[in-house]
Number of protein chains: 2
Amino acid sequence: MSDTGPRPSGENLLFLTDEQLSKGIEAMFFAYRGFTADPDRILAEKGYGRAHHRAIHFINRSPGTTVNNLLSILGVTKQSLNRVLRTLIEDGLVESHVGSRDRRERNLNLTDAGRHLEHELSTAQRERMRGAFRSAGPEAVSGFRMVLEAMMDGDMRRHYKRLKESG
Amino acid sequence: MSDTGPRPSGENLLFLTDEQLSKGIEAMFFAYRGFTADPDRILAEKGYGRAHHRAIHFINRSPGTTVNNLLSILGVTKQSLNRVLRTLIEDGLVESHVGSRDRRERNLNLTDAGRHLEHELSTAQRERMRGAFRSAGPEAVSGFRMVLEAMMDGDMRRHYKRLKESG
DNA sequence: TTGGAATGTCAACAAGGCTGACATAAAGTT
DNA sequence: AACTTTATGTCAGCCTTGTTGACATTCCAA
(Lines give C-alpha, C1' and ligand atoms only; values in the text may rest on other atoms or scores of the structure.)
Protein backbone atom coordinates (compact mmCIF):
# COMPACT_ATOMS: atom_id res chain seq x y z
CA MET A 1 0.00 0.00 0.00
CA SER A 2 2.88 2.38 0.66
CA ASP A 3 5.83 0.96 -1.30
CA THR A 4 8.02 3.64 -2.75
CA GLY A 5 9.40 2.22 -5.96
CA PRO A 6 7.90 2.79 -9.39
CA ARG A 7 5.32 0.35 -10.66
CA PRO A 8 3.31 -0.12 -13.80
CA SER A 9 -0.27 1.00 -13.93
CA GLY A 10 -1.18 -1.86 -16.19
CA GLU A 11 -3.64 0.31 -18.05
CA ASN A 12 -1.70 2.76 -20.13
CA LEU A 13 1.92 2.23 -19.12
CA LEU A 14 1.87 5.20 -16.76
CA PHE A 15 4.29 4.84 -13.89
CA LEU A 16 2.76 6.70 -11.02
CA THR A 17 4.68 6.49 -7.79
CA ASP A 18 3.32 7.94 -4.58
CA GLU A 19 6.13 10.48 -4.86
CA GLN A 20 5.01 11.66 -8.28
CA LEU A 21 1.43 11.89 -7.10
CA SER A 22 2.49 13.87 -4.04
CA LYS A 23 4.24 16.34 -6.29
CA GLY A 24 1.02 16.74 -8.23
CA ILE A 25 -0.79 17.38 -4.98
CA GLU A 26 1.69 20.03 -3.92
CA ALA A 27 1.56 21.59 -7.38
CA MET A 28 -2.21 21.97 -7.01
CA PHE A 29 -1.83 23.52 -3.58
CA PHE A 30 0.82 26.08 -4.50
CA ALA A 31 -0.71 26.89 -7.88
CA TYR A 32 -4.13 27.54 -6.42
CA ARG A 33 -2.56 30.13 -4.16
CA GLY A 34 -1.18 31.90 -7.20
CA PHE A 35 -4.45 31.47 -9.00
CA THR A 36 -6.37 33.41 -6.35
CA ALA A 37 -3.65 35.88 -5.34
CA ASP A 38 -4.39 38.68 -7.83
CA PRO A 39 -8.18 38.77 -7.43
CA ASP A 40 -7.74 38.52 -3.66
CA ARG A 41 -5.74 41.73 -3.65
CA ILE A 42 -8.35 43.59 -5.68
CA LEU A 43 -11.21 42.21 -3.57
CA ALA A 44 -9.52 43.13 -0.31
CA GLU A 45 -9.28 46.77 -1.42
CA LYS A 46 -13.03 46.87 -1.92
CA GLY A 47 -14.02 44.93 1.16
CA TYR A 48 -15.08 41.80 -0.67
CA GLY A 49 -13.89 38.21 -0.46
CA ARG A 50 -13.60 35.17 -2.65
CA ALA A 51 -17.24 34.32 -2.10
CA HIS A 52 -18.23 37.56 -3.80
CA HIS A 53 -15.84 36.87 -6.63
CA ARG A 54 -17.35 33.45 -7.26
CA ALA A 55 -20.89 34.82 -7.32
CA ILE A 56 -19.91 37.63 -9.68
CA HIS A 57 -18.02 35.27 -11.92
CA PHE A 58 -20.85 32.81 -12.42
CA ILE A 59 -23.57 35.42 -12.73
CA ASN A 60 -21.49 37.01 -15.45
CA ARG A 61 -21.00 33.67 -17.10
CA SER A 62 -24.71 32.79 -17.08
CA PRO A 63 -26.63 36.06 -17.14
CA GLY A 64 -30.15 35.74 -15.78
CA THR A 65 -29.27 32.61 -13.83
CA THR A 66 -31.34 31.64 -10.81
CA VAL A 67 -30.35 31.38 -7.17
CA ASN A 68 -30.83 27.62 -7.23
CA ASN A 69 -28.54 27.17 -10.20
CA LEU A 70 -25.89 29.28 -8.53
CA LEU A 71 -26.26 27.23 -5.37
CA SER A 72 -25.62 24.01 -7.21
CA ILE A 73 -22.59 25.42 -9.03
CA LEU A 74 -21.04 26.91 -5.92
CA GLY A 75 -21.90 24.07 -3.59
CA VAL A 76 -22.74 26.21 -0.57
CA THR A 77 -25.90 26.70 1.44
CA LYS A 78 -28.49 29.23 0.42
CA GLN A 79 -27.82 31.14 3.64
CA SER A 80 -24.17 31.54 2.71
CA LEU A 81 -24.94 32.56 -0.84
CA ASN A 82 -27.73 34.84 0.24
CA ARG A 83 -25.47 36.80 2.54
CA VAL A 84 -23.11 37.43 -0.34
CA LEU A 85 -25.86 38.20 -2.86
CA ARG A 86 -27.54 40.61 -0.48
CA THR A 87 -24.42 42.75 -0.15
CA LEU A 88 -23.82 42.66 -3.90
CA ILE A 89 -27.40 43.76 -4.57
CA GLU A 90 -27.25 46.45 -1.87
CA ASP A 91 -23.98 47.72 -3.34
CA GLY A 92 -25.53 47.88 -6.78
CA LEU A 93 -23.34 45.26 -8.43
CA VAL A 94 -26.06 42.67 -8.99
CA GLU A 95 -29.71 43.01 -10.00
CA SER A 96 -32.36 40.52 -8.92
CA HIS A 97 -35.59 40.36 -10.90
CA VAL A 98 -38.62 38.17 -10.43
CA GLY A 99 -38.53 35.36 -12.99
CA SER A 100 -40.71 35.57 -16.08
CA ARG A 101 -41.72 31.93 -16.63
CA ASP A 102 -41.65 31.04 -12.94
CA ARG A 103 -42.18 33.97 -10.68
CA ARG A 104 -40.83 32.15 -7.65
CA GLU A 105 -37.39 32.37 -9.20
CA ARG A 106 -35.08 35.35 -9.23
CA ASN A 107 -33.09 36.14 -12.34
CA LEU A 108 -29.67 37.48 -11.43
CA ASN A 109 -27.67 39.86 -13.58
CA LEU A 110 -24.67 42.11 -13.17
CA THR A 111 -25.20 45.84 -13.33
CA ASP A 112 -22.73 48.05 -15.18
CA ALA A 113 -20.82 48.47 -11.94
CA GLY A 114 -20.88 44.71 -11.43
CA ARG A 115 -19.58 44.09 -14.92
CA HIS A 116 -16.84 46.60 -14.27
CA LEU A 117 -15.63 44.79 -11.16
CA GLU A 118 -15.98 41.45 -12.91
CA HIS A 119 -13.79 42.69 -15.69
CA GLU A 120 -11.19 43.98 -13.31
CA LEU A 121 -11.06 40.67 -11.46
CA SER A 122 -11.14 38.43 -14.49
CA THR A 123 -8.53 40.48 -16.30
CA ALA A 124 -6.10 40.05 -13.43
CA GLN A 125 -6.80 36.34 -13.22
CA ARG A 126 -6.65 35.86 -16.98
CA GLU A 127 -3.30 37.60 -17.17
CA ARG A 128 -1.91 35.12 -14.67
CA MET A 129 -3.42 32.24 -16.63
CA ARG A 130 -2.18 33.67 -19.91
CA GLY A 131 1.35 33.92 -18.57
CA ALA A 132 1.24 30.35 -17.31
CA PHE A 133 -0.21 29.06 -20.59
CA ARG A 134 2.35 30.90 -22.67
CA SER A 135 5.32 29.79 -20.70
CA ALA A 136 4.11 26.18 -20.66
CA GLY A 137 3.10 25.97 -24.31
CA PRO A 138 0.03 24.72 -26.16
CA GLU A 139 0.47 21.01 -25.54
CA ALA A 140 0.89 21.63 -21.85
CA VAL A 141 -2.33 23.66 -21.84
CA SER A 142 -4.26 20.80 -23.31
CA GLY A 143 -2.81 18.39 -20.78
CA PHE A 144 -3.55 20.81 -17.98
CA ARG A 145 -7.21 20.92 -18.92
CA MET A 146 -7.50 17.17 -19.36
CA VAL A 147 -6.08 16.42 -15.92
CA LEU A 148 -8.21 19.07 -14.23
CA GLU A 149 -11.36 17.84 -15.89
CA ALA A 150 -10.59 14.30 -14.82
CA MET A 151 -10.06 15.49 -11.27
CA MET A 152 -13.54 16.99 -10.91
CA ASP A 153 -16.44 15.34 -9.17
CA GLY A 154 -19.27 14.31 -11.48
CA ASP A 155 -21.56 17.18 -10.59
CA MET A 156 -18.87 19.74 -11.04
CA ARG A 157 -17.80 18.22 -14.36
CA ARG A 158 -21.38 18.56 -15.54
CA HIS A 159 -21.40 22.25 -14.65
CA TYR A 160 -17.99 22.73 -16.20
CA LYS A 161 -19.00 21.16 -19.49
CA ARG A 162 -22.25 23.03 -19.66
CA LEU A 163 -20.43 26.33 -19.23
CA LYS A 164 -17.79 25.26 -21.72
CA GLU A 165 -20.40 24.58 -24.37
CA SER A 166 -22.41 27.72 -23.73
CA GLY A 167 -19.27 29.91 -23.79
CA MET B 1 -8.65 44.87 -23.83
CA SER B 2 -11.82 42.82 -24.10
CA ASP B 3 -12.04 41.81 -27.75
CA THR B 4 -13.40 38.35 -28.20
CA GLY B 5 -11.77 36.98 -31.33
CA PRO B 6 -8.60 34.89 -31.37
CA ARG B 7 -5.30 36.69 -31.64
CA PRO B 8 -1.67 35.70 -31.89
CA SER B 9 0.51 35.84 -28.84
CA GLY B 10 3.50 36.86 -30.89
CA GLU B 11 5.77 34.81 -28.68
CA ASN B 12 5.04 31.17 -29.37
CA LEU B 13 2.07 31.16 -31.70
CA LEU B 14 -0.36 30.40 -28.89
CA PHE B 15 -3.84 31.68 -29.55
CA LEU B 16 -5.31 32.51 -26.19
CA THR B 17 -8.71 34.09 -26.28
CA ASP B 18 -10.36 35.41 -23.16
CA GLU B 19 -12.84 32.56 -23.58
CA GLN B 20 -10.13 29.92 -23.50
CA LEU B 21 -8.55 31.54 -20.48
CA SER B 22 -11.90 31.68 -18.70
CA LYS B 23 -12.32 27.99 -19.27
CA GLY B 24 -8.93 27.44 -17.68
CA ILE B 25 -10.06 29.52 -14.72
CA GLU B 26 -13.24 27.50 -14.31
CA ALA B 27 -11.30 24.27 -14.67
CA MET B 28 -9.09 25.32 -11.76
CA PHE B 29 -12.11 26.22 -9.66
CA PHE B 30 -14.04 23.01 -10.21
CA ALA B 31 -10.98 20.78 -10.07
CA TYR B 32 -9.82 22.21 -6.78
CA ARG B 33 -13.16 21.26 -5.31
CA GLY B 34 -12.59 17.68 -6.36
CA PHE B 35 -9.01 17.86 -5.17
CA THR B 36 -10.06 18.64 -1.60
CA ALA B 37 -13.31 16.68 -1.48
CA ASP B 38 -11.96 13.32 -0.26
CA PRO B 39 -9.68 14.62 2.50
CA ASP B 40 -12.43 17.01 3.59
CA ARG B 41 -14.76 14.09 4.24
CA ILE B 42 -12.17 12.26 6.31
CA LEU B 43 -11.24 15.39 8.23
CA ALA B 44 -14.84 16.25 9.01
CA GLU B 45 -15.34 12.85 10.64
CA LYS B 46 -12.47 13.57 13.01
CA GLY B 47 -13.31 17.18 13.72
CA TYR B 48 -10.44 18.65 11.77
CA GLY B 49 -10.31 21.05 8.85
CA ARG B 50 -8.13 21.81 5.87
CA ALA B 51 -5.77 23.83 8.00
CA HIS B 52 -4.94 20.69 9.98
CA HIS B 53 -4.45 18.74 6.78
CA ARG B 54 -2.00 21.29 5.43
CA ALA B 55 0.04 21.30 8.62
CA ILE B 56 0.12 17.52 8.75
CA HIS B 57 1.05 17.27 5.09
CA PHE B 58 4.03 19.60 5.25
CA ILE B 59 5.32 18.31 8.57
CA ASN B 60 5.27 14.84 7.07
CA ARG B 61 7.03 16.10 3.98
CA SER B 62 9.80 17.85 5.93
CA PRO B 63 10.19 16.02 9.22
CA GLY B 64 11.76 18.14 11.93
CA THR B 65 10.77 21.39 10.19
CA THR B 66 10.43 24.56 12.21
CA VAL B 67 7.38 26.69 12.85
CA ASN B 68 8.85 29.53 10.81
CA ASN B 69 9.43 27.34 7.79
CA LEU B 70 5.90 26.07 8.00
CA LEU B 71 4.62 29.63 8.26
CA SER B 72 6.36 30.62 5.10
CA ILE B 73 5.10 27.58 3.21
CA LEU B 74 1.51 27.96 4.37
CA GLY B 75 1.38 31.72 4.15
CA VAL B 76 -0.73 32.27 7.25
CA THR B 77 -0.06 34.11 10.49
CA LYS B 78 1.70 32.37 13.33
CA GLN B 79 -1.44 32.77 15.44
CA SER B 80 -3.48 30.84 12.92
CA LEU B 81 -0.87 28.14 12.57
CA ASN B 82 -0.32 27.99 16.29
CA ARG B 83 -3.97 27.31 16.99
CA VAL B 84 -3.89 24.39 14.59
CA LEU B 85 -0.56 23.05 15.86
CA ARG B 86 -1.72 23.28 19.45
CA THR B 87 -4.70 21.02 18.83
CA LEU B 88 -2.60 18.58 16.84
CA ILE B 89 -0.03 18.43 19.65
CA GLU B 90 -2.72 18.07 22.31
CA ASP B 91 -4.34 15.29 20.30
CA GLY B 92 -1.02 13.50 20.05
CA LEU B 93 -0.63 13.74 16.28
CA VAL B 94 2.36 16.09 16.27
CA GLU B 95 5.42 16.29 18.49
CA SER B 96 7.19 19.56 19.15
CA HIS B 97 10.77 19.41 20.42
CA VAL B 98 13.08 22.24 21.31
CA GLY B 99 15.59 22.66 18.50
CA SER B 100 19.09 21.29 18.93
CA ARG B 101 21.16 23.87 17.03
CA ASP B 102 18.89 26.76 17.95
CA ARG B 103 16.87 26.12 21.05
CA ARG B 104 14.41 28.91 20.27
CA GLU B 105 13.13 26.83 17.42
CA ARG B 106 10.75 23.93 17.65
CA ASN B 107 11.28 20.86 15.56
CA LEU B 108 7.97 19.43 14.45
CA ASN B 109 7.37 15.76 13.74
CA LEU B 110 4.40 13.49 13.29
CA THR B 111 3.75 10.83 15.90
CA ASP B 112 2.67 7.36 14.86
CA ALA B 113 -0.93 8.49 15.15
CA GLY B 114 -0.13 11.56 13.07
CA ARG B 115 1.52 9.46 10.39
CA HIS B 116 -1.52 7.23 10.37
CA LEU B 117 -3.89 10.12 9.71
CA GLU B 118 -1.50 11.58 7.16
CA HIS B 119 -1.47 8.30 5.33
CA GLU B 120 -5.23 8.07 5.35
CA LEU B 121 -5.58 11.58 3.96
CA SER B 122 -2.84 11.36 1.38
CA THR B 123 -4.00 7.98 0.15
CA ALA B 124 -7.45 9.36 -0.57
CA GLN B 125 -6.02 12.40 -2.31
CA ARG B 126 -3.46 10.36 -4.25
CA GLU B 127 -6.13 8.00 -5.50
CA ARG B 128 -8.02 10.93 -6.94
CA MET B 129 -4.84 12.26 -8.51
CA ARG B 130 -3.91 8.82 -9.80
CA GLY B 131 -7.29 8.43 -11.46
CA ALA B 132 -7.00 11.85 -13.09
CA PHE B 133 -3.45 11.16 -14.27
CA ARG B 134 -4.35 7.79 -15.68
CA SER B 135 -7.36 8.96 -17.56
CA ALA B 136 -5.51 11.97 -18.97
CA GLY B 137 -2.31 10.16 -19.94
CA PRO B 138 1.40 10.81 -19.41
CA GLU B 139 1.77 13.77 -21.74
CA ALA B 140 -1.17 15.49 -20.12
CA VAL B 141 0.43 14.95 -16.71
CA SER B 142 3.58 16.69 -17.81
CA GLY B 143 1.60 19.60 -19.22
CA PHE B 144 -0.49 19.79 -16.08
CA ARG B 145 2.61 20.19 -13.95
CA MET B 146 4.20 22.74 -16.27
CA VAL B 147 1.15 24.99 -16.25
CA LEU B 148 0.70 24.73 -12.50
CA GLU B 149 4.33 25.52 -11.83
CA ALA B 150 4.12 28.55 -14.10
CA MET B 151 1.02 29.72 -12.26
CA MET B 152 2.71 29.87 -8.85
CA ASP B 153 4.03 33.00 -7.20
CA GLY B 154 7.80 33.15 -6.90
CA ASP B 155 7.93 32.28 -3.22
CA MET B 156 5.62 29.33 -3.64
CA ARG B 157 7.58 28.09 -6.64
CA ARG B 158 10.71 28.16 -4.50
CA HIS B 159 9.04 26.02 -1.83
CA TYR B 160 7.60 23.71 -4.46
CA LYS B 161 10.95 23.11 -6.10
CA ARG B 162 12.74 22.60 -2.82
CA LEU B 163 10.21 19.93 -1.83
CA LYS B 164 10.41 18.38 -5.28
CA GLU B 165 14.17 17.98 -5.03
CA SER B 166 14.17 16.69 -1.47
CA GLY B 167 11.43 14.18 -2.24
C1' DT C 1 24.53 43.43 28.24
C1' DT C 2 21.63 44.76 25.01
C1' DG C 3 19.16 44.08 20.69
C1' DG C 4 16.76 41.27 17.79
C1' DA C 5 14.90 36.82 16.34
C1' DA C 6 11.91 32.83 17.17
C1' DT C 7 8.23 31.32 19.50
C1' DG C 8 4.04 31.25 22.26
C1' DT C 9 -0.16 33.23 24.14
C1' DC C 10 -4.18 36.26 25.02
C1' DA C 11 -7.89 38.99 23.24
C1' DA C 12 -10.82 40.62 19.81
C1' DC C 13 -12.66 40.54 15.39
C1' DA C 14 -14.30 39.21 10.46
C1' DA C 15 -15.37 36.28 6.52
C1' DG C 16 -17.68 32.67 5.18
C1' DG C 17 -18.88 28.14 5.89
C1' DC C 18 -22.69 25.35 8.56
C1' DT C 19 -27.59 23.86 10.77
C1' DG C 20 -32.25 24.65 12.11
C1' DA C 21 -36.43 27.07 12.05
C1' DC C 22 -39.72 29.78 9.98
C1' DA C 23 -42.16 32.89 6.37
C1' DT C 24 -43.89 33.85 1.83
C1' DA C 25 -45.24 33.39 -2.79
C1' DA C 26 -45.94 30.72 -6.64
C1' DA C 27 -46.53 26.56 -8.90
C1' DG C 28 -48.16 21.94 -9.16
C1' DT C 29 -51.33 18.15 -7.68
C1' DT C 30 -55.30 15.94 -6.12
C1' DA D 1 -60.59 24.54 -3.55
C1' DA D 2 -57.35 22.48 -0.64
C1' DC D 3 -53.05 20.72 -0.11
C1' DT D 4 -48.17 19.99 -1.16
C1' DT D 5 -43.96 21.16 -3.07
C1' DT D 6 -40.57 24.40 -4.70
C1' DA D 7 -37.83 28.69 -4.70
C1' DT D 8 -36.38 32.12 -2.13
C1' DG D 9 -35.35 34.97 1.87
C1' DT D 10 -34.31 35.70 6.69
C1' DC D 11 -33.18 35.18 11.68
C1' DA D 12 -30.29 33.12 15.13
C1' DG D 13 -26.43 30.74 16.46
C1' DC D 14 -22.33 27.96 15.82
C1' DC D 15 -17.57 26.65 13.84
C1' DT D 16 -13.16 27.11 11.37
C1' DT D 17 -9.74 29.78 9.94
C1' DG D 18 -8.07 33.79 8.73
C1' DT D 19 -6.70 38.69 10.58
C1' DT D 20 -4.29 42.51 13.97
C1' DG D 21 -2.27 44.05 18.17
C1' DA D 22 -0.02 43.50 22.49
C1' DC D 23 3.00 41.23 25.35
C1' DA D 24 6.16 37.48 27.52
C1' DT D 25 9.86 34.30 27.12
C1' DT D 26 13.93 32.40 25.51
C1' DC D 27 18.26 32.72 23.71
C1' DC D 28 21.67 33.81 19.92
C1' DA D 29 24.85 37.30 18.58
C1' DA D 30 27.14 41.64 18.43
Side-chain angles (χ1 to χ4, degrees), chain A residues 29 32-33 36-37 39-59 64-91 94-109, chain B residues 29 32-33 36-37 39-59 64-91 94-109:
Chain A
F29 172 72
Y32 200 78
R33 297 270 298 280
T36 55
D40 279 355
R41 267 189 291 273
I42 296 169
L43 291 158
E45 284 170 16
K46 327 220 170 200
Y48 294 122
R50 273 184 211 175
H52 301 85
H53 185 187
R54 292 195 280 266
I56 289 174
H57 175 96
F58 287 108
I59 293 173
T65 188
T66 65
V67 172
N68 246 6
N69 181 46
L70 218 46
L71 281 177
S72 115
I73 289 178
L74 296 174
V76 298
T77 59
K78 62 172 180 171
Q79 293 90 332
S80 266
L81 176 58
N82 194 257
R83 178 168 38 198
V84 166
L85 281 182
R86 201 188 315 155
T87 63
L88 291 176
I89 292 169
E90 281 169 6
D91 294 357
V94 168
E95 279 176 343
S96 167
H97 294 298
V98 170
S100 40
R101 330 161 294 187
D102 187 334
R103 300 198 304 177
R104 289 171 303 182
E105 296 181 341
R106 299 291 181 277
N107 293 135
L108 303 170
N109 290 282
Chain B
F29 172 72
Y32 200 78
R33 297 270 298 280
T36 55
D40 279 355
R41 267 189 290 273
I42 297 169
L43 291 158
E45 284 170 18
K46 327 222 170 200
Y48 294 122
R50 275 185 209 174
H52 301 88
H53 185 187
R54 292 196 280 266
I56 289 174
H57 176 95
F58 287 108
I59 294 172
T65 187
T66 63
V67 172
N68 244 11
N69 181 47
L70 219 45
L71 281 178
S72 113
I73 289 179
L74 297 174
V76 297
T77 58
K78 62 176 179 169
Q79 292 89 333
S80 262
L81 175 58
N82 194 257
R83 178 167 37 198
V84 167
L85 282 180
R86 202 189 317 153
T87 63
L88 291 175
I89 291 168
E90 281 168 6
D91 294 355
V94 168
E95 280 175 344
S96 167
H97 295 298
V98 170
S100 41
R101 331 162 293 189
D102 185 335
R103 300 198 303 178
R104 287 167 303 182
E105 297 181 344
R106 299 292 181 275
N107 294 133
L108 302 169
N109 290 283

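In what follows, chains carry the letters A, B, and so on, assigned in the order in which the sequence lines appear, proteins first and then strands, with residues in each chain numbered from 1. What's counted below: heavy atoms across the whole structure, side chains too, no hydrogens, waters or symmetry copies.
At C:dG16, one or more side-chain N or O atoms of A:H52 fall inside 4.0 Å of OP1 or OP2 (strictly under the cut-off). Regarding contacts with the backbone of D:dT8, a side-chain N or O of A:N68 is found under 4.0 angstrom from either OP1 or OP2. Note on B:T77: a side-chain N or O is less than 4.0 Å away from OP1 or OP2 of D:dT19. Distances shown here put every side-chain N or O of A:R50 at or beyond 4.0 Å from the OP1 or OP2 atom of D:dG18.
Straight-line distance from the CZ atom of A:R101 to the P atom of D:dT6: 16 Å, rounded to whole Å. Distance CG (A:L43) to C1' (D:dG18): 15 Å, rounded to an integer number of Å. Straight-line distance from the CG atom of B:N82 to the C1' atom of D:dT25: 14 Å, rounded to whole Å. Counting to the nearest Å, the P atom of C:dT24 and the CZ atom of A:R103 are 18 Å from each other. Atoms CD (A:E105) and C1' (C:dA25) sit 13 Å apart, rounded to a whole Å. As a whole-Å value, the separation of B:R86 CZ from D:dT16 P is 13 Å. In this entry the distance linking CD1 of B:I56 with P of D:dT17 reads 11 Å, nearest Å. Atom OH of B:Y48 is separated from atom C1' of C:dG17 by 20 Å (rounded to the nearest Å).
Taking only side-chain atoms of A:S96, from C-beta outward, the nucleotide of D:dG9, C:dC18, D:dT17 with the closest atom is D:dG9. Each of C:dA6, D:dT8, C:dG16 was ranked by its minimum atom distance to the side chain of A:A51; first place goes to C:dG16.
One can find a donor-acceptor pair under 3.5 Å joining the base of D:dT6 and the side-chain atoms of A:R104. Contact annotation: side chain of B:R83 to base of D:dG18, donor-acceptor pair present below 3.5 Å. Between the side chain of A:Q79 and the base of D:dG13 there is no donor-acceptor pair of N/O atoms closer than 3.5 Å.
Between A:V84 and B:V67, the one whose closest nucleotide on DNA chain C sits nearer the 5' end is B:V67. The 5' end of DNA chain D is approached more closely, in terms of each residue's nearest nucleotide, by A:L108 than by the other of B:R54 and A:L108.
Counting non-hydrogen atoms under 4.0 angstrom, A:G75 reaches the backbone sugars and phosphates but no base.
Between A:Y48 and A:H52, the ring-plane angle classifies as tilted under the 30° and 60° cut-offs. Relative ring orientation between A:F29 and B:F58 is described as tilted, the plane-to-plane angle lying within the 30° to 60° band.
Closest heavy-atom contact between B:S96 and B:L108: CB-CD2, 3.9 Å.
Between A:R54 atom CZ and A:T36 atom OG1 the span is 10.0 Å, to the nearest 0.5 Å.
Looking at B:Q79 and B:R83, their side chains never come closer than 4.5 Å, going by heavy atoms from C-beta outward.
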